[in-house]
Q: 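What follows is a structure written as structure tokens; I'll ask about it next.
In this chain, numbering begins with 1 at the start of the sequence shown.
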Amino acid sequence: MADNIDLLIVGAGPAGLGAAISAQACGLDVAVVDEYATIGGQIFRNIHMPCIEQVLDRRTLETGRTLVHDFEASGVKFYPNTTVWGMEHSEVFCKSLSEVKKISASKILFATGGYERPVPFKGWTLPGVYTAGAAEMLFRSGGELPGKKEPVVLCGNGPLLLALAVHLIEHDVPILAWLDTGKISNKLTASVHMGRIFQDMPYFKHGMHLALEIIKARVPIITGITQVEACGSENVEKVVYVKNGKSHELVASTLIRHEGIIPRIQIPNALDMELAWDNVQRYWYPKTDKFGRTSLNNVYITGDNMFVHGGEAAIWKGYVCGYKIAEDLGVVPSSEIQAKSQEYLQKMDLLCKARDYLRYVFAPNPQVFNIPDDTLICRCECVTAGEIRKAVKEGFTNPREVKIATRAGMGVCQGRSCGVAMAEIIAQTTGNNVENVGILKSRQPFSPVTLADYCALHA
């Protein structure tokens with residue numbers, strides 16, 4: 001790997017690939033690193049495998065295959081199985097399967113995407129509990145859920161559940177119930193913004209197709225759900241939930257939960273970038289302009305890592321960002337960049353506006369964090385919701401103080417799994433809002449690194 005390049009892109013998902021293609025086309029020396037073995041990210045990984053045709057709709061399949069083809073034809077250097085764990089100024093520290101490396105780049109772009117909002121609940125660590133993303137990955141890899149013919153319970157409030165439900169139906173997996181944790185008032189409020197979805201009619205029609213398939217399959221959808229619990233001794237045996245103050249049980253061995261997608265902000269947070277709070281989707285995101293520029297001069301962010309609008313929008317965000325980086329480096333005149341990027345900028349703006357409707361209709365219900373005291377929140381350090389509430393009542397009223405008092409967030413995941421829930425519980429306990437409570441501060445290294453690897457670069 002070259003030690004000095006024009007642009008290093010971290011993340012080989014839709015946004016990273018789009019940015020690499022456009023930046024390379026402008027004459028930049030570009031390299032892409034990703035911790036996985038193949039390109040495509042969560043949505044386009046293994047795009048050429050036959051089993052993918054059973055998972056992705058035609059539009060997404062064609063878009064993904066075109067993107068992957070264009071990237072492979074571009075000649076951009078790709079380094080798989082490479083984890084970025086630190087950064088100082090213009091130097092990025094990473095490790096592949098064979099070496100530890102320090103890469104110097106004039107510009108650095110993080111396109112690490114989003115991930116499913118972690119929502120702890122009683123029994124969430126039992127075998128048989130999946131996120132929607134994990135279940136989708138099984139289908140994409142040609143696998144299947146354990147106990148395929150046994151009934152599955154879906155739970156949550158997010159767009160991935162629609163597609164997942166149809167995939168389960170197509171694979172003859174019985175859906176016992178869909179426990180909807182969303183607020184009906186949010187969905188009514190979202191109707192004001194419904195006109196935006198019609199700006200992308202193919203996407204709207206696809207959504208309607210998914211909804212009709214679920215209706216035709218007669219999937220029971222139960223609304224107004226609270227206090228979800230997975231019960232069992234060694235694996236999930238039943239799902240318990242509360243509706244209208246009454247407890248109900250469903251006998252099932254699989255529970256799949258999804259509460260929306262949030263940006264991966266651990267790296268922006270650790271680099272002290274300016275962050276902003278979205279009060280609709282209740283997540284922090286990096287402050288950028290529409291081209292991906294951040295508060296750090298040499299660092300850019302794009303795709304769902306920037307703000308969640310979905311995989312296709314992330315592609316066009318990436319293209320636009322790659323062109324802008326070429327302009328900022330002075331490689332291509334601004335007038336030429338404007339002409340090259342105009343088409344992609346229009347696509348990006350259109351899809352972001354159309355997808356904004358989903359931001360409202362799937363607005364998370366903060367009551368999903370109103371969980372019993374004995375619920376495990378921090379799996380790394382075995383800290384419960386009750387211990388967090390106790391610390392708050394003793395005067396520790398922000399995530400940093402609660403982390404010191406309880407050790408929540410001090411484990412290997414560095415708060416990626418518990419930080420969101422910790423802030424929500426603190427806000428509920430203090431009667432404050434999450435924005436004022438603040439965020440659990442991340443520090444470098446971004447990922448665990450051995451002392452030997454660290455010393456190899458800093459000796």
Q: Keeping the roles fixed (side chain from Q227, backbone from V368), state whether a donor-acceptor pair exists under 3.5 Å.
A: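 Not at all, since once roles are kept as given, no pair shorter than 3.5 Å links the two residues.
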Q: Are the side chains of V152 and W178 in touch, meaning some heavy atoms are under 4.5 Å apart?
A: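 Contact flag for V152/W178 side chains = no.
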Q: Is the backbone N or O of T384 less than 3.5 Å from a side-chain atom of D374, with the two atoms forming a donor-acceptor pair by type?
A: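 Between the backbone of T384 and the side chain of D374 there is no qualifying donor-acceptor contact (under 3.5 Å).
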Q: Donor-acceptor check, side chain of Q281 to backbone of R359, threshold 3.5 angstrom: yes or no?
A: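 Between the backbone of R359 and the side chain of Q281 there is a qualifying donor-acceptor contact (under 3.5 Å).
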Q: Below 4.0 angstrom, N of the basic side chain to O of the carboxylate: do E229 and K238 qualify?
A: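 Salt bridge between E229 and K238, a charged N being under 4.0 Å from a carboxylate O: no.
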Q: Test: salt bridge (charged side-chain N to carboxylate O under 4.0 Å, His left out). Region: residues 110-120. Which pairs qualify, not counting sequence neighbours?
A: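 Matches after skipping sequence neighbours: none remain.
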Q: Salt bridge (charged side-chain N to carboxylate O under 4.0 Å, His left out) between D349 and K290: does it pass, once the steps are laid out?
A: CA-CA 9 Å; D349 288 340; K290 68 189 305 180; 3.4 Å; yes
Q: May I ask you to decide if K205's main-chain N or O and H209's side chain share a donor-acceptor pair within less than 3.5 Å?
A: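 No, H209 side chain to K205 backbone: no donor-acceptor pair under 3.5 Å.
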Q: Kindly say whether A12 contributes a backbone atom to a donor-acceptor pair with the side chain of D34 at under 3.5 angstrom?
A: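 Between the backbone of A12 and the side chain of D34 there is a qualifying donor-acceptor contact (under 3.5 Å).
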Q: List the steps and the verdict of ring pair (Phe, Tyr, Trp, His ring centres under 6.0 Å) for H193 and Y360.
A: CA-CA 8 Å; H193 308 277; Y360 289 92; 3.6 Å; yes
Q: Over 60° means perpendicular and under 30° means parallel, so classify the ring planes of F121 and W124, tilted if in between.
A: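 Tilted, since the angle between the ring planes falls between 30° and 60°.
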Q: Main chain of T223, side chain of K243: is a donor-acceptor contact present, judged purely on distance under 3.5 Å?
A: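 Yes, K243 side chain to T223 backbone: donor-acceptor pair under 3.5 Å.
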Q: Can you tell me how far apart CD1 (I103) and SG (C94) are? Round to the nearest 0.5 Å.
A: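 If we round to the nearest 0.5 Å, I103:CD1 and C94:SG are 3.5 Å apart.
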Q: Answer whether the closest heavy-atom distance between the side chains of E136 and L160 falls below 4.5 Å.
A: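 E136 vs L160: side chains apart.
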Q: Could you check whether any side-chain N or O of N365 sits under 3.5 Å from a backbone N or O of Q367, counting only pairs where one atom can act as donor and the other as acceptor?
A: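 Answer holds: yes.
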Q: Set out, in order, the CA-CA distance, both residues' side-chain angles and the distance that settles ring pair (Phe, Tyr, Trp, His ring centres under 6.0 Å) for F307 and H309, then state yes or no.
A: CA-CA 6 Å; F307 198 92; H309 290 110; 5.2 Å; yes
Q: What is the distance from atom CD of E381 to atom SG of C418, rounded to the nearest 0.5 Å?
A: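 Rounded to the nearest 0.5 Å, the CD-SG separation comes out at 9.0 Å.
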Q: So how far is it from R407 CZ to C380 SG, rounded to the nearest 0.5 Å?
A: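 The CZ atom of R407 sits 10.5 Å away from the SG atom of C380.
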Q: Under a 3.5 Å cutoff, is there a donor and acceptor pairing between the side chains of E312 and T63?
A: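 E312 vs T63: no donor-acceptor pair found between side chains.
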Q: If you measure from the Lys or Arg side-chain nitrogens to the Asp or Glu carboxylate oxygens, is any gap between K353 and D200 under 4.0 Å?
A: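 No.
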Q: With respect to T397, which candidate in V402, T429, T430 satisfies the side chain to side chain contact (heavy atoms under 4.5 Å, CB included) definition?
A: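 Testing T397 for a side chain to side chain contact (heavy atoms under 4.5 Å, CB included) against V402, T429, T430 leaves exactly one candidate, T430.
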Q: Show me the donor-acceptor pairs, under 3.5 Å and distance only, between side chains in residues 270-277 and residues at least two apart or in other chains.
A:
unit_1 : atom_1 : unit_2 : atom_2 : d
D272   : OD1    : K441   : NZ     : 2.4
W277   : NE1    : N279   : OD1    : 3.3

Q: With heavy-atom distances below 4.5 Å as the criterion, would you say the side chains of L8 and L109 are in contact?
A: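 Contact flag for L8/L109 side chains = no.
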Q: For the pair N398 (side chain) and I439 (backbone), establish whether a donor and an acceptor sit closer than 3.5 Å, ignoring hydrogens and angles.
A: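 Not a single qualifying donor-acceptor pair exists.
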Q: Is there a side-chain contact between F291 and C321 in this structure, where contact means two heavy atoms from C-beta onward sitting under 4.5 Å apart?
A: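 Side chain of F291 against side chain of C321, heavy atoms only: no contact under 4.5 Å found.
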Q: Are N305 and T112 linked by a side-chain donor-acceptor pair shorter than 3.5 Å?
A: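 Checked: N305/T112 side chains pair up, N/O donor to acceptor below 3.5 Å.
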Q: Would you call the rings of F110 and F446 parallel, tilted or perpendicular, where under 30° means parallel and over 60° means perpendicular?
A: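 Rings of F110 and F446: perpendicular, over 60°.
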Q: In the structure I gave you, are the side-chain heavy atoms of W316 and L351 within less than 4.5 Å of one another anywhere?
A: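 Side chain of W316 against side chain of L351, heavy atoms only: contact under 4.5 Å found.
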Q: Between T181 and E259, is any side-chain donor less than 3.5 angstrom from a side-chain acceptor?
A: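 Side chains of T181 and E259: pair found under 3.5 Å.
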Q: Would you compute the distance between atom CD1 of I426 and atom CG of N432 and round it to the nearest 0.5 angstrom?
A: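 Going from CD1 on I426 over to CG on N432, the span is 10.0 Å.
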Q: Just how far is it from atom CG of L161 to atom CD1 of I175, taken to the nearest 0.5 Å?
A: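 If we round to the nearest 0.5 Å, L161:CG and I175:CD1 are 9.5 Å apart.
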Q: Going by salt bridge (charged side-chain N to carboxylate O under 4.0 Å, His left out), D453 matches just one of K101, K95, K102. Which one?
A: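 By the salt bridge (charged side-chain N to carboxylate O under 4.0 Å, His left out) criterion, D453 pairs with just one of K101, K95, K102: K95.
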Q: Evaluate the side-chain proximity of L154 to L179: yes if any heavy-atom separation is below 4.5 Å, no if none is.
A: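 No, side chains not in contact.
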Q: I'd like to know if the side chain of T302 and the backbone of K317 have a donor-acceptor N/O pair within less than 3.5 Å.
A: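 Between the backbone of K317 and the side chain of T302 there is a qualifying donor-acceptor contact (under 3.5 Å).
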Q: So, E387 and K390, do they make that salt bridge, N to O below 4.0 Å?
A: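 No, no charged N to carboxylate O under 4.0 Å.
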Q: Are the side chains of S191 and V361 in touch, meaning some heavy atoms are under 4.5 Å apart?
A: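 They are not in side-chain contact.
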Q: Should the heavy atoms of other residues, nucleotides or ligands under 6.0 Å from CG of D289 be counted, would the total exceed 12?
A: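 Counting other residues, nucleotides and ligands, CG of D289 exceeds 12 neighbours.
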Q: State whether the side chain of Q414 and the backbone N or O of G409 hold a donor-acceptor pair below 3.5 Å, judged by distance alone.
A: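 No.
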Q: Looking at Y130, is R257 sitting on its ring face, NZ or CZ under 6.0 Å from the six-membered ring centre and within 45 degrees of the normal?
A: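 Not satisfied by the 6.0 Å and 45° rule.
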Q: When rounded to the nearest 0.5 angstrom, what is the spacing between OG1 in T294 and CD1 in I108?
A: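 If we round to the nearest 0.5 Å, T294:OG1 and I108:CD1 are 10.0 Å apart.
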